[in-house]
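Presented below is the structure to which this report refers.
Heads up: numbering here begins at 1 and tracks the sequence.
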Amino acid sequence: MLNSMDFRRRRTDTRCPPWIRLTTLHVYCAVPAGHQDVSNLRISPADEGWEQMDCELELTVLMPCLNEADTIGVCVRKARESIEELGLDGEVLVADNGSIDGSQPLATAAGARVVQVVERGYGAALMGGIEAAQGKFIIMGDADDSYDFRDLAKFVHELRAGYDVVQGCRLPAGGGTVLPGAMPFLHRWWGNPMFTALARWMFGSPVHDIYCGLRGFRREWQQSLDQRCTGMEFATEMMLKAGLTSARIAEVPITLHLDGLKAHAPHLKTFRDGWRTLRFFLLCCPRWLFLVPGFAMIAVGLFGYTLAIPGAQIYGATLDAHTLLFSSLSLMLGWQAIWFALITKTFAVNEGILPPDARLSRLYRVFNLERGLLVGAVGFFAGVALLLVAVNQWRLAGFGHLNYAHTMRFVIPGATLAFLGFQTILSSFVVSILGLRRRRHVHVTESGVQRLRRAV
């Protein structure tokens, strides 16, 4: 009765039949025209007249894997048991990153679907796995048996409640538990608490364990983040962008167990990955990397000027030309840092590294290239005018000796203003160039071209 059926490629929102669980990415189904229920249809090879149909599951349990033969089988079996106990339409997916210890067949034998990810790195493996996942929800976790995959219910509950991401918390601050020997001392008492505090302070992330590798999220939401990190920073990048985009974030307590690895040490390297994480924090937050230090240096410089211009004395020390010189250095460094903040933020937003910022949009409604050039020109010529005053004083002295302390009160501010003005002019052009939008391709039909020609 194939002729009476409508065969077409589609993505269904209905629950997949039980026998589709833990199978391949694509299944072939005959869909009667006008019907959405496929629960009674049989799976068949791609016979003539059949078309491929994607079937979305509710959950994918994703495990990145690199030489995890000691534990991969146990982790997969635990995840499958949890999926079956909860009655979910789900799969266990292993994103292998080039294992050479036989992890792949062990994962397959335990009931997982295995995909190969060529690009090396923890984040790269997860990106490849997310791309191949069939689940509407994805719960990711390490394959070293440090996380108990039988404890998926709390994650699924929060995801069904509408949260974009559900973060596990191993630390007591969020109700979690770290079993003896499960986490290195530096990670437990310094690294994780420090990075978590920075994430809460700099990015508004509400979680208490930023580095926890067990978390669940909506696949559609994660793909909208446009994540870039291919290393261990992938996990923190997700949570930082979640905070920046005001995503709905939930946190559930979990227990961290001692991993079952025997053949090799954990992949996480304390100082290497710690520095990479701190570097990423700073790169994603121009405000704290450039803007705040810039304003602080300008404040120090202006304070120095207010003391040095009148020649104030503090505890018998006279603040004179040398104080002006140091204050000018602080002003120039601070002004450059502020421009770096603006340039970095503009580039990051335009490239999708950071989400759009309403404050940046408001700034550009007030500040544009023409106003930047005007401000820069005023500062530059004001500095040149002060330098000319100093030259005139030298002329009046017959180009001989000058009062050093008096003359430097014109030379140093003049040179500083000229520098700041010139830098403002150049930086205004740079920001304006970065603000240019890419030209979009406009589709014009043949009839549209003909109408345009007739109009011309």
Problem - Distance-minimising heavy-atom pair for Gly141 and Pro64 - result: O-CD, 3.4 Å
Exercise for the section: Indicate yes or no: at least one non-hydrogen side-chain atom of Phe149 is less than 4.5 angstrom from one of Val76. Expected result: no
Problem - Whether over 12 other heavy atoms sit under 6.0 Å from Phe185 CZ - result: no
Exercise for the section: Would you please classify the geometry between the Trp201 ring and the Trp288 ring as parallel, tilted or perpendicular, with 30° and 60° separating the classes? Expected result: tilted
Exercise for the section: Examine the side chains of Thr407 and Trp394 and answer whether a donor and an acceptor come within less than 3.5 Å of each other. Expected result: no
Practice task
Taking Lys154 for its side chain and Val252 for its backbone only, find out whether a donor-acceptor pair lies under 3.5 Å.
Solution key: no
Practice task
Examine distances only and state if a side-chain atom of Asn97 and a backbone atom of Glu119 form a donor-acceptor pair shorter than 3.5 Å.
Solution key: yes
Exercise for the section: If the plane angle is over 60° it's perpendicular, under 30° parallel, otherwise tilted; pick one for His406 and Phe410. Expected result: perpendicular
Handout entry: Derivation and outcome, side-chain contact (heavy atoms from CB on, under 4.5 Å), residues Cys169 and Val207
Key = CA-CA 8 Å; Cys169 181; Val207 301; over 6 Å; no
Handout entry: Residue pair Arg371 / Val366, side-chain heavy-atom distance below 4.5 Å
Key = yes
Handout entry: Closest non-hydrogen atom pair between Ala69 and Asp101, with its separation
Key = N-OD2, 3.0 Å
Problem - Pairwise distance OG(Ser427) to CZ(Phe422) - rounded to 0.5 angstrom - result: 10.0 Å
Problem - Any side-chain heavy-atom pair of Leu354 and Cys284 under 4.5 Å - result: yes
Practice task
Without swapping roles, check the side chain of Ser330 against the backbone of Met297 for a donor-acceptor pair under 3.5 Å.
Solution key: yes
Handout entry: Check: Ser432 side chain, Ser428 main-chain N or O, donor-acceptor pair, under 3.5 Å
Key = no
Exercise for the section: May I ask you to check whether Tyr211 and Thr196 show a side-chain donor-acceptor distance below 3.5 Å? Expected result: no
Practice task
May I ask you to decide if Phe234's main-chain N or O and Gln227's side chain share a donor-acceptor pair within less than 3.5 Å?
Solution key: yes
Exercise for the section: Indicate the atoms forming the closest heavy-atom contact of Val94 with Cys65, along with that distance. Expected result: CG1-CB, 3.6 Å
Completion exercise
Interatomic distance, CG@Leu363 vs CZ@Arg365, rounded to 0.5 Å, equals 10.0 Å
Problem - Check: Tyr122 and Asp142 side chains under 4.5 Å, non-hydrogen atoms - result: yes
Exercise for the section: Using a 4.5 Å cut-off on heavy atoms from C-beta on, say whether the side chain of Arg170 contacts that of His187. Expected result: no
Problem - Test item: side-chain donor near acceptor, Ser146 and Asp144, under 3.5 Å - result: yes
Handout entry: Short side-chain to backbone donor-acceptor contact, Thr306 and Phe303, under 3.5 Å
Key = yes
Practice task
Check step by step if side-chain contact (heavy atoms from CB on, under 4.5 Å) holds for Thr416 and Tyr305.
Solution key: CA-CA 12 Å; Thr416 302; Tyr305 261 68; 3.7 Å; yes
Fill in the blank from the handout: Checking Glu91, Gln134, Arg113 against Thr60 for side chain to side chain donor-acceptor pair (under 3.5 Å), the one that qualifies is Glu91
Handout entry: Carboxylate-amine/guanidinium proximity below 4.0 Å for Arg218 and Asp164
Key = yes
Exercise for the section: Could you label the plane-to-plane angle of the Trp339 and Trp335 rings as parallel, tilted or perpendicular, counting under 30° as parallel and over 60° as perpendicular? Expected result: perpendicular
Practice task
Taking the side chain as every heavy atom from C-beta outward, state whether Met239 and Arg215 have any atom pair closer than 4.5 Å.
Solution key: yes
Exercise for the section: Quick one: do Trp221 and Met238 satisfy side-chain contact (heavy atoms from CB on, under 4.5 Å)? Show the steps, please. Expected result: CA-CA 10 Å; Trp221 169 80; Met238 180 185 293; 3.9 Å; yes
Fill in the blank from the handout: Here the gap from Ile433 atom CD1 to Thr346 atom OG1, rounded to the nearest 0.5 Å, amounts to 12.0 Å
Exercise for the section: Please check if the side chain of Ser103 supplies one atom and the backbone of Glu68 the other of a donor-acceptor pair under 3.5 Å. Expected result: yes
Problem - Minimum side-chain heavy-atom gap Ile298-Ile338 below 4.5 Å - result: yes
Handout entry: Crowding at CD1, Ile100 (>12 non-hydrogen neighbours, <6.0 Å)
Key = no
List the atom pairs, with distances to 0.1 Å, where a side-chain N or O of residues 381-392 and a protein N or O form a donor-acceptor pair under 3.5 Å, not counting sequence neighbours.
residue: Asn392; atom: OD1; partner: Arg395; partner atom: NE; Å: 3.0
residue: Asn392; atom: OD1; partner: Arg395; partner atom: NH2; Å: 2.8

Practice task
For residues Phe419 and Ser328, determine if any side-chain heavy atom of one lies less than 4.5 Å from a side-chain heavy atom of the other.
Solution key: no
Handout entry: Value rounded to 0.5 Å, distance of OG1 in Thr323 from CG in Leu307
Key = 8.0 Å
Fill in the blank from the handout: Note: Phe380 and Ala418 closest approach over all heavy atoms is CD1-O, 3.4 Å
Practice task
Please test Asp70 against Asp259 for side-chain contact (heavy atoms from CB on, under 4.5 Å), starting from the C-alpha separation and ending with a verdict.
Solution key: CA-CA 10 Å; Asp70 293 330; Asp259 66 62; over 6 Å; no
Handout entry: Any donor-acceptor pair under 3.5 Å from Gln104 side chain to Ser99 backbone
Key = yes
Practice task
Look up atom CG in Leu282 and atom CG in Leu289, then write down how far apart they are to the nearest 0.5 Å.
Solution key: 5.5 Å
Completion exercise
Here the pair of heavy atoms bringing Asp148 nearest to His257 is CB-NE2, 4.1 Å
Completion exercise
Correct closest heavy-atom pair for Ala143 and Met63 would be CB-CB, 4.2 Å
Practice task
Would you kindly say whether Glu233 and Thr277 are connected by a side-chain donor-acceptor distance under 3.5 Å?
Solution key: no
Exercise for the section: Just do the salt bridge (Lys or Arg N to Asp or Glu O under 4.0 Å) check on Asp145 and Lys78 with the steps written out, would you? Expected result: CA-CA 10 Å; Asp145 202 26; Lys78 288 180 178 179; 3.0 Å; yes
Exercise for the section: Report the distance from atom CE of Met183 to atom CG of Asp209, rounding to the nearest 0.5 Å. Expected result: 6.0 Å
